[in-house]
Amino acid sequence: MKDLKFEQKRSLSRLEAADQLTALAAALREGGDAELELSPGTLSLRIPDDLRSEVEVEIGNGEIELEIEFKWPTAPTRTAPARTVAGTEKATKRKKAAVKPVRSGTGASRSKSAKRSATKTP
(Lines give C-alpha, C1' and ligand atoms only; values in the text may rest on other atoms or scores of the structure.)
Protein backbone atom coordinates (compact mmCIF):
# COMPACT_ATOMS: atom_id res chain seq x y z
CA MET A 1 0.00 0.00 0.00
CA LYS A 2 1.32 3.43 -0.92
CA ASP A 3 1.51 6.18 1.72
CA LEU A 4 0.51 8.80 -0.84
CA LYS A 5 0.00 8.92 -4.57
CA PHE A 6 -0.34 12.08 -6.63
CA GLU A 7 -0.98 11.79 -10.33
CA GLN A 8 -1.71 14.52 -12.80
CA LYS A 9 -2.56 14.07 -16.45
CA ARG A 10 -3.18 17.07 -18.70
CA SER A 11 -2.23 18.54 -22.01
CA LEU A 12 0.64 21.05 -21.96
CA SER A 13 2.37 23.24 -24.45
CA ARG A 14 6.05 22.60 -25.01
CA LEU A 15 6.85 25.77 -23.02
CA GLU A 16 4.61 24.70 -20.11
CA ALA A 17 6.34 21.31 -20.04
CA ALA A 18 9.72 23.07 -20.02
CA ASP A 19 8.56 25.29 -17.13
CA GLN A 20 7.51 22.22 -15.13
CA LEU A 21 10.88 20.55 -15.75
CA THR A 22 12.71 23.77 -14.86
CA ALA A 23 10.82 24.00 -11.56
CA LEU A 24 11.59 20.35 -10.84
CA ALA A 25 15.28 20.87 -11.70
CA ALA A 26 15.44 23.88 -9.36
CA ALA A 27 13.87 21.84 -6.55
CA LEU A 28 16.33 18.99 -7.14
CA ARG A 29 19.28 21.40 -7.22
CA GLU A 30 18.18 23.08 -3.99
CA GLY A 31 17.32 19.84 -2.17
CA GLY A 32 15.84 19.72 1.32
CA ASP A 33 12.22 20.76 1.60
CA ALA A 34 11.05 21.74 -1.88
CA GLU A 35 7.76 23.01 -3.20
CA LEU A 36 6.58 22.46 -6.76
CA GLU A 37 3.75 24.56 -8.15
CA LEU A 38 1.48 22.13 -9.96
CA SER A 39 -1.92 23.35 -11.07
CA PRO A 40 -4.20 23.30 -9.19
CA GLY A 41 -1.95 23.26 -6.08
CA THR A 42 1.50 22.94 -4.58
CA LEU A 43 3.38 19.70 -3.93
CA SER A 44 5.81 19.79 -0.99
CA LEU A 45 8.62 17.21 -0.87
CA ARG A 46 11.77 16.48 1.12
CA ILE A 47 14.50 15.84 -1.44
CA PRO A 48 17.69 14.19 -0.12
CA ASP A 49 21.21 14.60 -1.50
CA ASP A 50 21.23 11.14 -3.10
CA LEU A 51 18.47 9.52 -5.12
CA ARG A 52 17.95 6.89 -7.79
CA SER A 53 16.76 7.66 -11.29
CA GLU A 54 15.25 5.80 -14.19
CA VAL A 55 14.71 7.06 -17.72
CA GLU A 56 12.42 5.08 -19.99
CA VAL A 57 11.52 5.71 -23.64
CA GLU A 58 8.83 3.73 -25.43
CA ILE A 59 7.94 4.17 -29.10
CA GLY A 60 4.80 2.54 -30.42
CA ASN A 61 1.27 3.10 -31.67
CA GLY A 62 2.35 6.37 -33.28
CA GLU A 63 3.52 7.91 -29.95
CA ILE A 64 6.72 8.46 -28.04
CA GLU A 65 6.52 8.08 -24.26
CA LEU A 66 9.34 9.53 -22.15
CA GLU A 67 9.30 8.75 -18.43
CA ILE A 68 11.79 10.27 -16.02
CA GLU A 69 11.52 8.79 -12.55
CA PHE A 70 13.33 9.71 -9.34
CA LYS A 71 13.14 7.56 -6.20
CA TRP A 72 14.36 8.03 -2.65
CA PRO A 73 13.36 6.65 0.74
CA THR A 74 10.83 8.52 2.86
CA ALA A 75 12.96 8.06 5.98
CA PRO A 76 16.47 9.52 6.19
CA THR A 77 19.04 6.92 5.18
CA ARG A 78 21.74 5.88 7.61
CA THR A 79 25.25 6.25 6.37
CA ALA A 80 28.33 4.46 7.63
CA PRO A 81 29.44 6.03 10.91
CA ALA A 82 32.21 8.55 10.54
CA ARG A 83 35.51 7.76 12.22
CA THR A 84 35.67 9.68 15.43
CA VAL A 85 38.78 10.78 17.22
CA ALA A 86 38.04 8.18 19.91
CA GLY A 87 37.67 5.44 17.28
CA THR A 88 40.93 6.49 15.65
CA GLU A 89 42.70 6.46 19.03
CA LYS A 90 41.44 2.92 19.72
CA ALA A 91 42.67 1.72 16.32
CA THR A 92 46.01 3.45 16.91
CA LYS A 93 46.37 1.82 20.33
CA ARG A 94 45.73 -1.62 18.82
CA LYS A 95 48.42 -1.00 16.19
CA LYS A 96 50.87 0.21 18.81
CA ALA A 97 50.30 -2.89 20.93
CA ALA A 98 51.75 -5.02 18.14
CA VAL A 99 54.78 -2.77 17.57
CA LYS A 100 56.72 -0.99 20.30
CA PRO A 101 55.97 2.72 20.12
CA VAL A 102 58.86 5.07 19.47
CA ARG A 103 58.55 8.25 21.45
CA SER A 104 59.85 11.59 20.32
CA GLY A 105 61.79 13.66 22.81
CA THR A 106 59.92 16.79 21.74
CA GLY A 107 56.48 15.22 21.97
CA ALA A 108 55.81 16.14 18.33
CA SER A 109 54.33 13.45 16.12
CA ARG A 110 56.53 11.83 13.48
CA SER A 111 55.61 11.11 9.90
CA LYS A 112 54.72 7.55 8.89
CA SER A 113 58.05 7.09 7.13
CA ALA A 114 59.93 8.23 10.23
CA LYS A 115 57.94 5.79 12.37
CA ARG A 116 58.60 2.91 9.96
CA SER A 117 62.34 3.56 9.84
CA ALA A 118 62.48 3.95 13.63
CA THR A 119 60.79 0.56 14.17
CA LYS A 120 63.14 -1.20 11.70
CA THR A 121 66.34 -0.22 13.53
CA PRO A 122 67.82 -2.99 15.72
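If you read the sequence from its start, that first residue is 1, and numbering goes on from there. Quick caveat: nothing in here was measured; it's all calculated off a predicted structure. Note that these values count all heavy atoms, side chains included, but never hydrogens, waters or copies made by symmetry.
- Residue pairs meeting the salt bridge (Lys or Arg N to Asp or Glu O under 4.0 Å) criterion with at least one partner in residues 22-34, sequence neighbours excluded, do not occur; the list is empty.
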When the side chains of residues 5-28 are checked against the rest of the protein, which donor-acceptor pairs come out under 3.5 Å, sequence neighbours left out?
| residue | atom | partner | partner atom | Å |
| --- | --- | --- | --- | --- |
| Gln8 | NE2 | Ser39 | O | 2.2 |
| Ser13 | OG | Leu15 | N | 3.4 |
| Ser13 | OG | Glu16 | N | 3.0 |
| Ser13 | OG | Glu16 | OE1 | 3.4 |
| Glu16 | OE1 | Ser13 | N | 2.8 |
| Thr22 | OG1 | Ala18 | O | 2.8 |

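- Partners of Glu35 under the side-chain contact (heavy atoms from CB on, under 4.5 Å) rule, at least two apart in sequence or in another chain, are Thr42, Ser44.
- Between the side chain of Arg46 and the main chain of Ala34, no donor-acceptor pair closer than 3.5 Å is present.
- For the atom pair CZ of Phe70 and CG of Leu45, the computed distance is 12.0 Å after rounding to the nearest 0.5 Å.
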List the atom pairs, with distances to 0.1 Å, where a side-chain N or O of residues 47-68 and a protein N or O form a donor-acceptor pair under 3.5 Å, not counting sequence neighbours.
none

